[in-house]
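Per chain, numbering begins at 1; letters A, B, ... match sequence-line order. As a basis for the values below, the full set of heavy atoms in this structure was taken, side chains included, without hydrogen atoms, waters or symmetry mates.
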Protein chains: 2
Amino acid sequence: MKIGALSTKTGLSIQAIRFYERKALLSAPERTQSNYRSYSDVALKQLMFIKQCRALDMTIEEISLVLQARANPDNSCAEVNATIDKHIADIEHRVDELKALQSTLISMRSSCTIDTKIKECGVLHKLDNIVEMQATYKK
Amino acid sequence: MKIGALSTKTGLSIQAIRFYERKALLSAPERTQSNYRSYSDVALKQLMFIKQCRALDMTIEEISLVLQARANPDNSCAEVNATIDKHIADIEHRVDELKALQSTLISMRSSCTIDTKIKECGVLHKLDNIVEMQATYKK
DNA sequence: CTTGACCCTATACTTGGTATAGAGTTTACA
DNA sequence: TGTAAACTCTATACCAAGTATAGGGTCAAG
């Protein structure tokens, strides 16, 4: 299977597949005589797993951890669980932050219900005046 | 006021201030004879406004729109309101997505309550099997 | 035999900054 | 007055998680 077929089957872009290879999430495949990547079904499964993890918003690094763990079937899965737990906590944190932002925005927005002029706009006045800053989290 | 003092007063890093200048959110200040940036209190207010907008998770582009609008006090504030409304909707969308992710993760995690071996780990099995993909939104 | 579809590598771009190198300037203190 | 510390300057590289492009090579059909 060449990269185009793999891309179609997985729904991932060709560049994304090459990107995962560079990031070592996917091991480098065999090459044809003309230097084309040639994949087996193992690669397909691996990519679907990666896609699944990405759909769960896991970072490349987190996925890398889980993949490494998965490669050693007799090891404990404590690390995998810790990775997932941390990820769940991260998402919860982000949701809380976004909700706080949203309520600030909504209350701000409610101060200008009819469109008026800039200089009288309640939204802009509030933007000028809000003192309490909301922390921003980068994930 | 030199850039260091402005950085202290605003709580923004020096690099961030120069970054906002490059992005044209902040107009280029006067320079001293030795080419140091020299700021007035107007710049301080502008930066606090920008900081406030960033704390509300607005993008540079959104802030740029709002700043442009703000520069014309007699124009309608409809655009500002539209920007804020879209931003609120974006956040709501993201919150919904993250909640969906979280419940998937939590249900997955619950399938491996005692740490066991990788090959028996319910979390990994679920990761292998979940078919329904969750859409990811990039904001 | 040439056109189109595919593949290759390498590089630049995105967002919102942060971190560095290597240089010049100003301030404090002895 | 000297000099060392603290400050500033520009330019560049880096982060995540890819996307987009340039400029080439390869393959199958008509």
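Applying the salt bridge (Lys or Arg N to Asp or Glu O under 4.0 Å) rule to pairs touching residues 17-34 of chain B yields Glu21(B)-Arg37(B), sequence neighbours excluded. For the side chain to side chain donor-acceptor pair (under 3.5 Å) condition, the pairs that include at least one residue of residues 63-72 of chain B, sequence neighbours left out, are Asp128(A)-Arg70(B), Gln46(B)-Arg70(B).
When the side chain to side chain donor-acceptor pair (under 3.5 Å) test is applied to Thr116(A), the partners found at least two apart in sequence or on another chain are Glu120(A). Scored by the side chain to side chain donor-acceptor pair (under 3.5 Å) test, Lys119(A) finds Asp74(B) as partners (sequence neighbours excluded). Listed by chain and residue number, nothing satisfies the side chain to side chain donor-acceptor pair (under 3.5 Å) test with Ser40(A) (two or more places apart in sequence, or in another chain). Under the rule for a side chain to side chain donor-acceptor pair (under 3.5 Å), Glu92(B) has no partner lying at least two apart in sequence or in another chain.
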Got a list of side-chain donor-acceptor pairs under 3.5 Å for residues 4-13 of chain A, not counting sequence neighbours?
from, atom 1, to, atom 2, distance (Å)
Ser7(A), OG, Leu12(A), O, 2.6
Thr8(A), OG1, Gly4(A), O, 3.0
Thr10(A), OG1, Leu6(A), O, 2.8
Thr10(A), OG1, Ser7(A), O, 3.4
Thr10(A), OG1, Leu12(A), N, 3.1
Ser13(A), OG, Ala16(A), N, 2.9

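A side-chain donor-acceptor contact under 3.5 Å links Ser111(B) to the backbone of Met108(B).
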Review point. Which parts of nucleotides 1-17 of chain C does protein reach within less than 4.0 Å, heavy atoms only, written one letter per nucleotide 5' to 3' as B for base, S for sugar-phosphate only and - for none?
Key: -----BSSB------BB
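Counting to the nearest Å, the P atom of dG18(D) and the CD atom of Glu21(A) are 15 Å from each other.
The overall bend of the helix from dC1(C)-dG30(D) to dA30(C)-dT1(D), read as the angle between its terminal helix axes built from five base pairs each, is 30° when rounded to 10 degrees.
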